[in-house]
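Okay, structure first, notes after.
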Amino acid sequence: MNMTLHRMIVPSSGCPASCQYCFGPHQKDKTMNKQVLERTASWLGEEKASTLEITFHGGEPLTAGVKFFRNAFDVLQNQNPEKNIRFNLQSNLWLLNDALIDLFAEHRVSMGTSLDGPEHINDAQRGKGYFRRTMLGIEKARRKGLAVGCIVTFTRQSAEQWEEILEFFIREGLNISIHPAQPMLNGAGHVTPEWVLPPQRYGELLVQVLPYYLKNINRIRIETLDAIARSIARGKGGICTFGDCLGGYLTVGPDGSVYPCQRFMGNPHYRMGTIWQSQEQIQQSPVWQAFLQRQKAIQERCGDCPFVDICRGGCPYNVLAQNPQGFSSEIRDPYCPAYQQIFTEITEQATREAFSAENLQAVVDSPTPHLLQKGTLLHLMSGRPHPTEAMTHARQTLAVVALGASQSVEEAHQRLSMAGVIGNPERARKALESLHQRLTSPENSRNNLYLHITFECPLRCNHCYARGGRHSPAFPAEKAIELAQQASRAGFRHFVITGGEPLVHPEIFPLLEHLEGLQQDLSPMRIVLRTSLVSPLSDEPMRLLANAPHEVVVSLDGDPQTHNARRGENAYQRTVENLQRLLSMHGKAEVSLAAVLPLSQARGAEGEHVRELAKRLGIRRVRIRPLLPLGRASHTYPDLPVEAVWFSMTAEERLAYGFTPASSCGLGQNLYIEPDGNVYPCYALNSPSLRLGNVLEVNGIEKILSSSFFQSLSHHTVDTRQTCKECAYRYLCGGACRAWDRRTFQSPEELNSSPMNCASLKNRAETLLITALRIAEVPPERWELAGLPFPHHLPESS
């Protein structure tokens with residue numbers, strides 16, 4: 001089932017802080033032991049969901065220590081290899097240390113904390129010394145590249161200081177969620193009436209903050225208002241407060257007890273059962289049934305409210321905290337008036353934006369008409385990347401241009417300061433040092449191992465870089481299994497099985513069956529299979545295809561006419577029919593689409609057809625890559641962009657969705673293996689002079705990876721290529737793909753030779769720079785006065 005469930009794990013009930021309105025009951029410090037952790041992992045494995053969002057909460061979760069978290073990540077992932085698991089942490093960060101930060105970075109943990117504003121406001125509410133200890137934790141995380149979001153609790157007192165509080169978070173570059181201080185359940189916690197923010201005042205606060213937020217949308221993200229805006233656009237709640245939350249946020253305590261969510265943790269009146277019971281038994285508990293009856297009754301109680309489908313009666317905890325008699329006396333959240341205030345305000349303002357002349361013209365001009373085009377609030381409602389993300393990527397783009405134009409990090413820092421880009425000098429210096437280190441140090445990570453198990457193929461596509469269909473040996477299945485195990489040990493992120501057409505390999509399905517059984521042993525490496533999916537498959541092979549790899553990438557090059565012109569008559573229909581059958585299996589493998597298109601088609605109807613088909617079928621990921629002059633397409637001239645992955649996007653879209661600077665095309669991070677066992681750096685560099693060896697002759701990849709030839713590849717960067725190393729824009733293009741040069745490299749030394757005419761790449765880089773300056777609100781004149789490059793001609797739209 002393709003769905004996401006949120007689960008909370010409380011590894012420790014203790015906490016060194018004593019916040020005035022903590023909802024946690026006073027408990028002795030209990031820490032989850034190994035037995036409870038392992039049972040929690042297997043209990044979560046019973047969940048019928050493809051993705052689990054696991055949040056470590058508290059108490060204070062970091063009191064459990066680094067050993068607990070290291071074990072927890074391993075146990076949770078190893079016992080649920082078929083699930084996509086995303087980890088979050090909510091902590092005061094007082095106990096954060098380098099070992100924990102490195103571990104959280106390795107597992108991509110999203111971190112959150114609680115902070116109520118500047119020191120004098122925060123410590124009045126959370127205790128003296130809280131601010132400095134939490135800010136120290138935030139800075140430690142930032143130094144290692146980890147962002148931290150903040151929950152801001154507004155009390156009756158601090159609500160009057162809302163503007164000062166928001167200015168603090170803008171100044172510190174921290175994104176926030178807004179919570180009101182509320183009464184506590186059954187007298188738990190410390191809260192007293194003078195701290196509680198009444199519903200009417202909370203609603204007024206949200207309405208006051210909204211225009212300020214929209215005015216400063218590039219400088220801060222307020223997730224509470226974002227989520228409400230998206231909920232209104234969808235007509236359905238998008239956060240736990242709004243929606244039928246029962247079963248969506250179950251929390252496991254240190255002793256294995258299960259609660260409706262973390263706010264009930266430790267309260268025996270709301271214990272649903274334990275992890276030693278089945279999911280069905282939990283659902284039969286009196287607490288679950290009481291919540292279920294309340295959920296069913298909401299439609300009748302709130303049916304006359306225009307926002308009932310968005311709010312669904314609000315938070316059950318809030319109901320119980322203010323009604324000692326429980327759901328028998330009231331089922332509606334006491335903060336209902338506040339919700340109605342902000343729902344109404346956003347709806348009315350969004351309506352004004354939707355019917356503005358600017359938005360209506362944008363709707364008419366758009367190739368994919370929808371109403372949410374132009375307007376700050378409409379942007380939030382559309383689900384597009386938040387403006388703060390574009391601002392972050394714009395500033396990063398300006399930073400790498402400054403680094404490319406300077407002789408040192410200090411010089412780049414001075415120039416950026418003169419240009420008005422830098423806010424916090426010390427933080428900016430550390431960020432520049434980290435960015436410079438990443439761009440100038442050889443990359444030792446391993447990315448993709450591409451195994452072309454055959455070049456045989458039923459199609460003769462006119463753009464195939466491998467010239468699929470030519471006779472070739474079949475790579476032995478038993479050697480492929482050994483190769484996958486070696487790739488996992490070597491730290492490759494992906495083991496990509498491709499061709500030709502891998503599904504015509506005589507042993508492909510026994511191979512996949514074997515790899516399916518090895519998924520846990522190969523973790524965290526992912527098995528990816530790339531296919532045209534054009535050949536007929538019976539049910540059992542299709543079931544295996546839906547479960548053995550972690551991902552199946554299906555090639556689909558545009559609309560039916562374009563696809564069939566490349567791949568043959570009826571190829572589109574056969575692929576789409578098989579794709580629908582594959583998806584109907586509801587297997588563990590993620591299914592994605594890949595299209596190879598020139599720029600005009602990628603941005604045109606052909607690319608839009610692929611994206612719309614994916615949306616209709618519920619496919620989350622679509623990759624559109626440029627057409628390269630390789631194989632049967634060697635006669636074409638490529639539209640090579642700054643980043644091949646994002647080449648179909650405009651500069652503004654690339655900055656919104658996440659432009660990543662690069663100093664290399666990835667040499668030294670990948671391996672390309674042909675059916676005869678010969679190994680090359682990549683499919684664009686497969687001349688005899690660049691052959692790294694043969695995995696069948698040396699029995700694996702270890703000797704190849706340890707060879708001086710392979711290890712030298714990562715040193716070929718834009719800082720070593722002739723011409724590139726003198727270009728200030730070099731980190732915006734990374735030198736691009738060497739296939740663009742249309743020549744055969746005769747020796748490794750030639751990898752550093754100057755690229756051919758790169759005017760189009762420079763044009764795209766200049767467009768990216770101009771767009772970044774506009775988003776960051778840096779005047780071009782000030783940029784040039786700082787000694788930084790600016791194009792004296794306006795680049796063509798890119």
Side-chain angles (χ1 to χ4, degrees), residues 442-457 463-468 470-476 479-480 482-484 486-487 490-500 502 505 528 530 596 625 628-634 638 640 644 664-717 720-721 734-753 755:
E443 181 61 67
N444 296 317
S445 63
R446 307 274 164 75
N447 194 17
N448 299 322
L449 187 151
Y450 296 94
L451 174 61
H452 294 66
I453 58 174
T454 180
F455 283 143
E456 299 285 355
C457 183
H463 68 307
C464 180
Y465 71 78
R467 292 189 174 91
R470 58 191 167 114
H471 179 70
S472 73
F475 194 91
K479 293 295 183 182
E482 293 175 11
L483 198 60
Q486 293 165 8
F492 279 92
R493 292 175 58 225
H494 302 106
F495 183 76
V496 184
I497 301 171
T498 184
H505 188 285
V528 180
R530 304 176 70 169
V596 176
R625 304 293 177 106
L628 294 179
L630 298 171
R632 295 197 184 103
S634 57
L640 275 191
S664 162
C665 62
L667 274 178
Q669 299 175 42
N670 307 306
L671 287 182
Y672 163 85
I673 302 175
E674 295 195 337
D676 61 4
N678 283 325
V679 186
Y680 301 92
C682 83
Y683 54 78
L685 298 173
N686 60 344
S687 62
S689 59
L690 297 178
R691 178 178 173 273
L692 293 165
N694 188 295
V695 291
L696 298 178
E697 294 173 2
V698 300
N699 195 30
I701 58 173
E702 283 91 344
K703 288 186 178 179
I704 291 170
L705 294 176
S706 63
S707 69
S708 58
F709 185 5
F710 177 79
Q711 294 188 3
S712 71
L713 290 172
S714 62
H715 294 267
H716 296 283
T717 70
T720 62
R721 292 193 81 179
C737 175
R738 282 169 172 78
W740 177 65
D741 280 347
R742 295 168 159 275
R743 70 172 184 261
T744 301
F745 292 88
Q746 298 301 321
S747 68
E749 291 73 24
E750 288 188 18
L751 294 173
N752 284 331
S753 58

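The chain is numbered in sequence order, starting from 1. This one's a predicted model, so the numbers in the text were calculated from it and none came from an experiment.
Note that OG1 of Thr454 and CZ of Arg470 are 10.0 Å apart. Values are rounded to the nearest 0.5 Å. The distance from atom CG of Leu671 to atom CG of Leu483, rounded to the nearest 0.5 Å, is 8.5 Å. Note: Phe710 CZ to Ile704 CD1 = 9.5 Å, rounded to the nearest 0.5 Å. Atoms CD1 and OG, from Ile701 and Ser707 in turn, are 11.5 Å apart once rounded to the nearest 0.5 Å. Taken to the nearest 0.5 Å, the OG atom of Ser712 stands 8.5 Å off from the CG atom of Leu751. With values rounded to the nearest 0.5 angstrom, Leu690 atom CG is found 12.5 Å from Asn678 atom CG.
Screening Val695, Thr498, Ile453 for a side chain to side chain contact (heavy atoms under 4.5 Å, CB included) with Ile673, the sole residue that qualifies is Val695.
Using a 4.5 Å heavy-atom cutoff, the side chains of Lys479 and Leu696 are in contact. Taking the side chain as every heavy atom from C-beta outward, Leu705 and Arg446 approach each other to under 4.5 Å. Inter-residue side-chain proximity for Gln669 and Leu713 is flagged as unmet; no heavy-atom pair is nearer than 4.5 Å. Side-chain contact check for Arg530 versus Val496: some heavy-atom pair is nearer than 4.5 Å.
Between Gly499 and Phe455, the shortest heavy-atom contact is C-CD2, 4.2 Å. Shown here for Pro502 and Gly500, the closest heavy-atom pair between the two residues is CD-O, 3.6 Å. When all heavy atoms of Leu449 and Phe492 are compared, the pair lying nearest together is N-CD2, 3.8 Å. The shortest non-hydrogen separation linking Pro675 to Pro473 is CB-O, 3.1 Å. When every heavy atom of Ala633 is checked against every heavy atom of His463, the shortest pair comes out as CB-CA, 3.8 Å. The two residues Phe475 and Gly677 have their closest heavy-atom pair at CE1-CA, 4.1 Å.
Between the side chain of Asn694 and the main chain of Asp676, a donor-acceptor pair closer than 3.5 Å is present. Proximity of a side-chain donor or acceptor of Asn448 to a complementary backbone N or O of Tyr450 within less than 3.5 Å is not detected. The main-chain N or O of Asn752 is never found under 3.5 Å from a side-chain atom of Arg721 such that the two would form a donor-acceptor pair. A donor-acceptor contact shorter than 3.5 Å links the side chain of Arg632 to the backbone of Gly468.
Between Tyr680 and Tyr672, the two ring planes are tilted [angle within 30° to 60°].
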